[in-house]
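Below is one structure, written out as structure tokens, with a few remarks after it.
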Amino acid sequence: MDSFKDKVVIVTGAGQGAGRKLATRFYEEGAIACLLDLNGETLAKVVEEVNPDRERFVTYTVDISNSEQVTKAIDDIGKRFGKIDVLINNAGVLHKGMIETATDAHLQLMVNVNLMGPMYCTRAAIPYMKNRDANIINVASILATFPNTGSGAYGAAKAGMILLTRVWAAELAPYGIRVNCYAPGVLNTPMAEDVIKNRAESKLCQIPLRRFGETDDAFDLVSFFCSKQASYITGQTIGLDGGIWATQT
């Protein structure tokens, strides 16, 4: 398939979970997939398992909370391919901690990776995305709007992504860049491993569709955001949560 043939797509946090699925599916659809992840070993494992054309599947070991590393990698991509068509700000980390006992390191990690990282990536990518019907996709979380004890810093950072989606949509519309966001509930990824293994029954009772989300569901939504069918959609956040907000009981 070649729905995204020769499109340059950057996916952060692409070493596992939804990020890995997004990168590999875009590659299968003909895109030039650029995978960024903090863990070089997981990136190497993805390459080994996919066995891709390395001209269309490139990896960068990058800490997205480090502005210099981000700029260097994205500049390399932009100059190498002459453009960037899609940026998916997927990388994220969730470590729970109550505010009373939260350390500076914990708070900084939640904010730096989940909020500052996407800002660094977006800022660096914009010069290569102008005037080419490009797309930026942000990843928020159900916890951005669902108060959850122990997830305050994470939720606040993800709530910031929803606001930034709207602000960037307005700022970048003159360049033809659309910006949208999705807020996953429980997706079958390593981040939700504990819930799925140990609390599946009680959690599924909260989800009207009675199943956990899959990474293919994320790709289906992201690919729609990037398609011509969504050409008049920008500044929006869509819940990818099986209808968890539809009812409380």
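Residue indices begin at 1 and follow the sequence shown.
- Put simply, the side chain of Asn138 never gets that close to the backbone of Asn89: no donor and acceptor are under 3.5 Å apart.
- Contacts classified as salt bridge (charged side-chain N to carboxylate O under 4.0 Å, His left out) and involving residues 35-61 (residues at least two apart or in different chains) are given here: Arg20-Glu49.
- Partners of Ile142 under the side-chain contact (heavy atoms from CB on, under 4.5 Å) rule, at least two apart in sequence or in another chain, are Phe146, Ile244, Trp245.
- Proximity of a side-chain donor or acceptor of Arg178 to a complementary backbone N or O of Ala169 within less than 3.5 Å is not detected.
- Residue pairs meeting the salt bridge (charged side-chain N to carboxylate O under 4.0 Å, His left out) criterion with at least one member in residues 129-156, sequence neighbours excluded, are Asp85-Arg132.
- Pairs of residues two or more places apart, or lying in two chains, that qualify as ring pair (Phe, Tyr, Trp, His ring centres under 6.0 Å) and include a residue from residues 215-234 are Phe26-Phe219.
- Here Phe57 pairs with Tyr27 under the ring-ring contact (aromatic ring centres under 6.0 Å, His included) rule; sequence neighbours left out.
- In this structure a side-chain-to-backbone donor-acceptor pair under 3.5 Å is missing from Asp76 to Lys72.
- Within 6.0 Å of CZ in Phe81 there are more than 12 heavy atoms belonging to other residues, nucleotides or ligands.
- Considering every non-hydrogen atom in both Ala18 and Tyr182, the closest pair reads CB-OH, 4.4 Å.
- Remark: Asp6 pairs with no residue by the salt bridge (charged side-chain N to carboxylate O under 4.0 Å, His left out) rule, at least two apart or across chains.
- In this structure, Gln69 contributes its side chain and Asp63 its backbone to a donor-acceptor pair below 3.5 Å.
- For Asp241 (side chain) and Pro184 (main-chain N/O), no donor-acceptor pair under 3.5 Å exists by modelled atom type.
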